[in-house]
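None of these values were measured; they are calculated from a predicted model. Naming: A, B, ... by sequence-line order, numbering from 1 per chain.
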Protein chains: 2
Amino acid sequence: MSRASAKTRCDTVLKRGAERRDVLRALGEVFRAHGYEGASLTLITDATGLGKGSLYNLFPGGKEQMASEVLAEVDTWFECNIYAPLREASDPARAIAAMIAGVDQYFHSGNRICLVGLVALGAARDTFAEAVDDYFARWHAALAQLLQRSGLNRRQAQRRTEDALLTIQGALVLARARNDAGIFRRALNNLTARLLAPPE
Amino acid sequence: MSRASAKTRCDTVLKRGAERRDVLRALGEVFRAHGYEGASLTLITDATGLGKGSLYNLFPGGKEQMASEVLAEVDTWFECNIYAPLREASDPARAIAAMIAGVDQYFHSGNRICLVGLVALGAARDTFAEAVDDYFARWHAALAQLLQRSGLNRRQAQRRTEDALLTIQGALVLARARNDAGIFRRALNNLTARLLAPPE
DNA sequence: GACTCGTTGTACCGATCGGTACAATCTTCC
DNA sequence: GGAAGATTGTACCGATCGGTACAACGAGTC
């Protein structure tokens, strides 16, 4: 998942990919709900409505390929809706507000889990280590770069970016743990202010 | 896991509990490494050195009881080493520094995962929902109370406490995802400053 | 030493795991 | 319509899942 392929990925016309998209979406929800190990083929066939035959025809690599493609799909979404806008933004305040809005939308205001974070914590981390690291690394790079353009020095930009990413992850964990999506909403609000604060 | 039993739990003399403690410790590491679903009995027997016979003699309730007792053990550790000191502290600054130091120690400076957070994200959340919520709720109560005593109003104390807990969780996730324990260390440093900052 | 009773290893249980084989079916193109 | 190729449901595979049964073993007690 290199930076170079990012642009083309976003503009790709999905000829016969529409239904595959639907399958990937369903797969994503199964993995989110049960984790990589917990997502049994029975659960997967139920969620997708596809039999094993179709499933292994679509994903010859089995469960690993399914999860891998789901992660790639997540990555693409963030690339198009979060990272690219951050990189191309001229107005930092607007860009940050847009990022927060995008994150809030993607995670259903705290009612949806971060699949990448979930995979990172589980035993499957090693299998998908590259995709996991890449997801956060590219987010980090895009946001830190924007913060630097907005006037922060490199060190401050790095620190604030790290803070932003872990705040989002932590808010998702805590919101889920305490079954209180308000935690996520409040964290995002607070985060906006912290990111937009003047250099210290 | 009620608040009332907290005190006695800490002072309990473990007559024949010493070896059970060791087993629970090993169990904890297996669950941390593989999650609840992923921790198969084979992995468990390997990690504990106990056969199934001994295991089901010690834990008639099977895997669920094992995980339940491990969570209780985690809870006890935090009760004794984190929550109780926070409640009984007279000097807020010292208490917060002690909390951060305890957290850093427990999570091996970012190289160890939060089992409660992991369970919260997984499918086993519902099974252990009460223990999970309780863990964070008691931490929240103890810290918020201390912050109020240090001069913050209720609202600010709540906000900062929520921020502290999710920062710790998020830092653990991100540190693991990016395989960089430095993220956790930096987050804890930053958190100390934020908690000790004067009322806004 | 014999009796007790908690502890342990081991064989085994049905269910389910991820994955494969393959015949039946559906499309597509001529 | 019919040949060709992709797509699908279903039966099946060995391995492993969490859990049980039980006989062998162990430390105490008399």
Next item on the list: Sugar-phosphate means primed atoms, P, OP1 and OP2; the rest is base. With that split, encode nucleotides 15-28 of chain D 5' to 3' as B, S or - using protein heavy atoms under 4.0 Å.
Entry: --SBBB--------
Next item on the list: Would you mind listing every side-chain hydrogen bond (donor to acceptor under 3.5 Å, both in side chains) that reaches into residues 103-126 of chain A, with sequence neighbours excluded?
Entry: A:E29-A:R112, A:R32-A:Y106, A:D104-A:S109
Notebook entry, point to check: Atom CG of B:L55 to atom P of C:dT10: distance rounded to whole Å?
Noted result: 15 Å
Check: Can you name the residues that form a side chain to side chain donor-acceptor pair (under 3.5 Å) with A:D133, not counting sequence neighbours?
Finding: B:R178
Checklist line | Integer-rounded Å distance: D:dT10 P and A:L50 CG | finding: 13 Å
Check: Taking only residues two or more places apart in sequence, or in another chain, which ones meet B:A129 in a side chain to side chain contact (heavy atoms under 4.5 Å, CB included)?
Finding: none
Notebook entry, point to check: If you look only at pairs with a residue in residues 63-74 of chain A, which of them pass as a side-chain hydrogen bond (donor to acceptor under 3.5 Å, both in side chains), with sequence neighbours excluded?
Noted result: A:R20-A:E69, A:R21-A:E73, A:Q65-A:E69
Notebook entry, point to check: Does anything in residues 39-57 of chain B pair up under salt bridge (charged side-chain N to carboxylate O under 4.0 Å, His left out), and if so which pairs, sequence neighbours excluded?
Noted result: none
